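Computed from a predicted structure; not experimentally measured. The analysis underlying the following values was restricted to heavy atoms, covering all of them including side chains, and did not include hydrogens, waters or symmetry mates.
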Amino acid sequence: MVSGYDLRINLSYFIGKSYEKEVMKKINEVSQKYSGFDVRLFYSEQDNLTSKLKDFAKRYDGKVNFSIRIAGTDYQQVNDVCWYQILSKSDYDRFKDELPFSGRWFNIMNSITKDNLLEGIEHFEGLLRYISEPKIVKRQKRNDEW
């Protein structure tokens, strides 16, 4: 279990796009291997996604292995900051003054494409794999015993 390691993505990057199902499927695959993380999706009011949100919720409610939280604002409270965020370069530049960096990971995309989103999710999975694997402690070899 990897509780406390939340993933945050701008919903407007993939909602209603041809690769929406692929992105959600990839996140679901990661959640089946490493349960216990939440996905926090956000959007700005300028994105005009309110008409698409109901259909999105119907498509994925109860069909994915992780909990989804959707926020209608891109502002984050200090206690609500995610551990791993996939952001476009422009979003990162807009948020960087507000984002605490201690213990946080960012995947910054130069352009918003299916491949870049999937690569960011794979990087998130790699970090989860690293922190959840048992650590091998090598016994120190001593040569001072006669």
Check your understanding: Does S12 have any side chain to side chain contact (heavy atoms under 4.5 Å, CB included) partners at least two apart in sequence or in another chain, and if so, which?
Key -> N10, D47, L49
Exercise for review: First locate atom OG of S90, then atom CG of N110, and finally report the distance between them rounded to the nearest 0.5 Å.
Suggested key: 10.5 Å
Check your understanding: Judged by atom type as modelled, is there a donor-acceptor pair below 3.5 Å linking the side chain of D6 to the main-chain atoms of D38?
Key -> yes
Point to revise | Donor-acceptor side-chain pairing of T113 and S111 below 3.5 angstrom | key: no
Check your understanding: Sequence neighbours excluded, which residues qualify as side chain to side chain contact (heavy atoms under 4.5 Å, CB included) partners of I70?
Key -> L11, L41, Y43, L53, F56, I68
Practice item. Please assess Y60 against E20 for the test side-chain hydrogen bond (donor to acceptor under 3.5 Å, both in side chains), listing each intermediate value before the final yes or no. Key: CA-CA 11 Å; Y60 299 105; E20 174 188 312; 3.0 Å; yes
Practice item. Answer yes or no: is there a side-chain heavy-atom contact under 4.5 Å between W105 and I86? Key: no
Practice item. Would you indicate whether the side-chain heavy atoms of I9 and I27 approach each other to under 4.5 Å? Key: yes
**Study point:** Donor + acceptor pair across side chains of Y34, E29 (<3.5 Å)
**Key:** no
Exercise for review: Please lay out, stage by stage, how D93 and K89 fare under the test salt bridge (Lys or Arg N to Asp or Glu O under 4.0 Å).
Suggested key: CA-CA 6 Å; D93 289 342; K89 177 75 170 120; 3.1 Å; yes
Practice item. Can you sort out the partners of E122 under side chain to side chain contact (heavy atoms under 4.5 Å, CB included), two or more places apart, ordered by chain and number? Key: K26
Practice item. List for me each residue that meets side chain to side chain donor-acceptor pair (under 3.5 Å) alongside K33, sequence neighbours excluded, and say none if there are none. Key: E125
Study note, to complete from the structure: Contacts of S51 meeting side chain to side chain contact (heavy atoms under 4.5 Å, CB included) (sequence neighbours excluded), chain-then-number -> none
Exercise for review: State the CD-CG distance between E22 and D115, to the nearest 0.5 angstrom.
Suggested key: 9.0 Å
Check your understanding: When rounded to the nearest 0.5 angstrom, what distance separates CG in N28 from NZ in K63?
Key -> 12.0 Å
Point to revise | Residues forming a ring pair (Phe, Tyr, Trp, His ring centres under 6.0 Å) with F124, sequence neighbours excluded | key: F37, Y84
Point to revise | Closest non-hydrogen atom pair, L127 against W83 | key: CB-CH2, 3.7 Å
Practice item. Show your reasoning for whether side chain to side chain contact (heavy atoms under 4.5 Å, CB included) applies to M24 and F14. Key: CA-CA 9 Å; M24 293 299 287; F14 63 92; 3.8 Å; yes
Check your understanding: Are any side-chain N or O atoms of S132 and backbone N or O atoms of L128, one a donor and one an acceptor, separated by less than 3.5 Å?
Key -> yes
Study note, to complete from the structure: One should read off an interatomic distance between M109 CE and D91 CG, to the nearest 0.5 angstrom, of 8.0 Å
Practice item. Measure the spacing between CZ of F42 and CZ of R8 and express it to the nearest 0.5 Å. Key: 4.0 Å
